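Just so it is clear, the structure is predicted and the values come from calculations on it, not from any experiment. In what follows, chains carry the letters A, B, and so on, assigned in the order in which the sequence lines appear, proteins first and then strands, with residues in each chain numbered from 1.
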Amino acid sequence: MRDNCSTPVNLYIQPTYITVIPDRIEHSNRSSEYLKSIVTCQHCSEPQFDLFSIYDYEKETYQSVCKECQTKYHLAHNLHVGLMSQKAKTRMRNAVNWLAAAATRKRVWQKSTNKSFYFKLSFITLTLPQHDTELSDQEFKSRVLHPFLIYAAKSWSLYNYVWKAEPQDNGNIHIHITTDIFIHHQKLRKAWNRQLSNLGLLDKFELKHGHRSPPSTEIKAVRSVKNLAGYISEYLVKDKKFKSTCSIYNCTDSTAQDKSNSDWYQDKKGTWWELKRAITGNIWYSSSNLSATNKLMYVADSADSSFWSTLTDNDALNYIDQKYYQVYYFSPKEWSRSITGKLRHLFNDHLAGIRHNWQKSPPLFHIID
DNA sequence: ATCTGGAAGGGCCTCTACGC
DNA sequence: GCGTAGAGGCCCTTCCAGAT
């Protein structure tokens with residue numbers, strides 16, 4: 001638990017956990033003995049106190065470089081191969097959790113049944129009805145998804161959302177969008193099909209079926225799932241790496257296709273799976289309101305007991321001490337149930353920013369000549 | 001339709017206790 | 001002695017969101 005010495009610590013506040021982490025150790029605090037051992041970075045040739053290793057793909061050797069060169073090199077040679085890293089999963093999970101935490105309960109009245117219901121989030125799936133489209137993933141995102149998002153923002157106030165791109169079994173890209181607004185399923189389908197139609201992506205469908213209204217969209221108004229943010233974020237971050245290639249259970253037929261290449265995988269039961277293709281470009285994105293730069297960080301005084309008591313004396317929080325840093329995990333409900341004081345204020349202020357779309361607010365401070 | 005600001009992408013770093 | 005767990009920070013290039 002917290003000690004009593006008065007030092008500032010960083011608090012990173014998320015809807016389902018709070019991390020307490022100290023400031024990073026400055027090199028200036030190192031001992032004089034340590035400072036004597038100056039070495040040279042093999043990339044920038046600058047003198048350094050510490051060197052780290054990288055694998056140079058061009059020279060096929062390991063090199064000792066400074067921290068800055070190391071991180072630069074990693075990013076310059078970065079490839080996601082269609083799978084989400086652990087870090088990306090964490091980022092997306094937090095974005096969805098912020099979305100769910102900020103979403104207010106909304107009421108929808110259905111004329112035909114004369115009944116109303118409440119909901120908080122919508123889970124939308126957008127697909128391409130044609131299988132043999134020439135559209136690349138980037139073109140799909142810039143020419144179909146982007147105009148659709150602009151239309152949705154203007155028509156339905158779609159400002160808070162998280163999208164994730166996935167490959168379908170037929171190789172097409174499809175998009176899941178989680179958002180806090182209600183969209184009628186017919187309006188959604190009409191708007192999405194209009195974008196597809198503009199690019200001629202319904203022509204082949206029309207030739208086959210005689211109309212231009214394919215079931216290319218799906219929408220679920222999520223009403224009363226327990227821990228719904230957890231459910232949605234877990235669904236989205238789950239790696240859907242493989243597709244089944246045979247409808248027969250436990251298909252072990254290896255003669256149907258050549259499975260000697262690395263695109264095939266056989267599980268312990270002997271079932272063959274075909275690797276899904278990788279999505280090119282970004283796998284997911286969140287609206288700027290929910291992005292990582294809007295994360296909630298607070299510098300707290302470790303000696304302020306009134307501040308810490310809401311964390312340390314709270315049985316509803318699952319405390320994990322990693323020595324270097326501490327994490328308090330909890331259910332999102334604890335924000336209204338047992339987390340009080342300064343922390344609650346910080347959290348509520350952050351939610352208000354997401355709800356009222358702080359990106360669009362006029363600036364409160366101007367500088368003129 | 002075009003432009004620009006900013007987000008995604010991932011490996012290694014920080015720390016220490018613990019298990020092998 | 002080594003590997004592991006967990007969080008965010010660091011870094012630059014590519015590509016997307018949002019404004020115009």
Side-chain angles (χ1 to χ4, degrees), chain A residues 9-14 16-27 29-30 41 43-44 48-57 62-95 136-154 157-165 175 177 198 237 278-299 318-329 357-363:
Chain A
V9 289
N10 296 338
L11 256 79
Y12 297 90
I13 301 165
Q14 303 287 1
T16 57
Y17 63 93
I18 293 173
T19 309
V20 181
I21 198 164
D23 279 336
R24 298 175 72 79
I25 297 166
E26 296 296 331
H27 279 192
N29 294 338
R30 295 271 170 85
C41 170
H43 265 209
C44 65
Q48 305 288 337
F49 298 131
D50 269 329
L51 287 183
F52 307 96
S53 69
I54 57 163
Y55 184 76
D56 191 319
Y57 293 100
Y62 283 94
Q63 293 194 329
S64 296
V65 298
C66 65
K67 180 83 176 91
E68 191 177 335
C69 287
Q70 186 197 41
T71 52
K72 279 181 186 176
Y73 189 84
H74 285 149
L75 277 169
H77 296 77
N78 190 12
L79 280 173
H80 62 61
V81 297
L83 297 176
M84 292 190 79
S85 67
Q86 198 54 47
K87 187 165 287 186
K89 288 176 182 177
T90 303
R91 286 169 173 164
M92 190 167 80
R93 192 181 285 120
N94 284 334
S136 72
D137 290 347
Q138 272 99 337
E139 283 173 330
F140 174 83
K141 285 179 255 189
S142 63
R143 295 174 65 189
V144 190
L145 182 62
H146 188 211
F148 173 80
L149 290 175
I150 292 170
Y151 176 83
K154 284 181 184 169
S157 302
L158 178 81
Y159 297 123
N160 296 327
Y161 59 87
V162 176
W163 67 247
K164 188 190 176 199
I175 295 280
I177 302 178
N198 289 343
V237 302
I279 294 289
T280 57
N282 290 3
I283 302 169
W284 74 285
Y285 224 88
S286 70
S287 56
S288 53
N289 272 351
L290 303 168
S291 67
T293 50
N294 286 327
K295 71 188 170 202
L296 183 51
M297 200 274 261
Y298 182 71
V299 181
N318 186 17
Y319 174 74
I320 294 179
D321 189 355
Q322 299 282 2
K323 303 305 170 191
Y324 175 55
Y325 69 97
Q326 294 78 41
V327 191
Y328 299 86
Y329 294 98
N357 202 25
W358 47 29
Q359 292 290 318
K360 294 190 182 304
S361 302

task: Give the minimum heavy-atom separation between Y159(A) and A153(A), together with the two atoms involved.
output: OH-O, 3.7 Å
message: Side-chain N or O of S286(A) versus OP1/OP2 of dA8(B): is the shortest distance under 4.0 Å?
response: yes
- request: Return the value, rounded to whole Å, for the distance between atom CG of N10(A) and atom C1' of dC10(C).
  value: 15 Å
- line: The residue, N94(A) or L158(A), whose nearest nucleotide of DNA chain C is more 5′ is N94(A)
message: Just N and O in the side chain of Y161(A): are any of them under 4.0 Å from OP1 or OP2 of dG18(C)?
response: yes
Between P of dG8(C) and CE of M297(A), the distance in whole Å: 12 Å
- line: On a heavy-atom basis, the closest approach of S286(A) and V162(A) is CB-CG2, 3.9 Å
query: Once you round it to whole Å, what is the distance between P of dA8(B) and NZ of K164(A)?
result: 14 Å
query: Any side-chain N or O of W163(A) under 4.0 Å from OP1/OP2 of dC16(C)?
result: no
query: Which atom names give the shortest non-hydrogen contact between K141(A) and T280(A), and what distance separates them?
result: NZ-O, 2.9 Å
message: So, does T19(A) get its side chain near the phosphate of dG6(C), meaning an N or O under 4.0 Å from OP1 or OP2?
response: no
task: Between dC16(C), dG10(B), dG18(C), spot the one nearest the side chain of S287(A), thanks.
output: dG18(C)
task: Identify the heavy atoms of I21(A) and Y325(A) that sit nearest to each other, and give their distance.
output: CG1-CB, 3.7 Å
query: What integer distance in Å separates R91(A):CZ from dG8(C):C1'?
result: 9 Å
query: Where do P147(A) and S142(A) come nearest, in terms of heavy atoms and distance?
result: CD-O, 3.4 Å
message: Using the side chain to side chain contact (heavy atoms under 4.5 Å, CB included) criterion, which residues pair with Y285(A)? Sequence neighbours excluded.
response: W163(A), N282(A)
- line: Expected list for residues 136-152 of chain A near DNA chain C, using heavy atoms below 4.0 Å, is Q138(A), K141(A), H146(A), L149(A)
field: Side chain N289(A), main chain N160(A), donor-acceptor under 3.5 Å
entry: no
statement: Heavy-atom nearest nucleotide on DNA chain B taken for K87(A) and for Y285(A); more 5' hit belongs to Y285(A)
message: Just the rounded figure in Å: distance from P of dC16(C) to CD1 of I177(A).
response: 14 Å
message: Would you say Y329(A) places a side-chain N or O within less than 4.0 Å of OP1 or OP2 belonging to dA7(C)?
response: yes
field: Between dA7(B) (C1') and N289(A) (CG): distance, integer Å
entry: 14 Å
message: From OH of Y328(A) over to P of dG8(C), roughly how many Å is that when rounded to an integer?
response: 15 Å
task: In whole angstrom, give the distance that lies between atom CD1 of I21(A) and atom C1' of dG8(C).
output: 5 Å
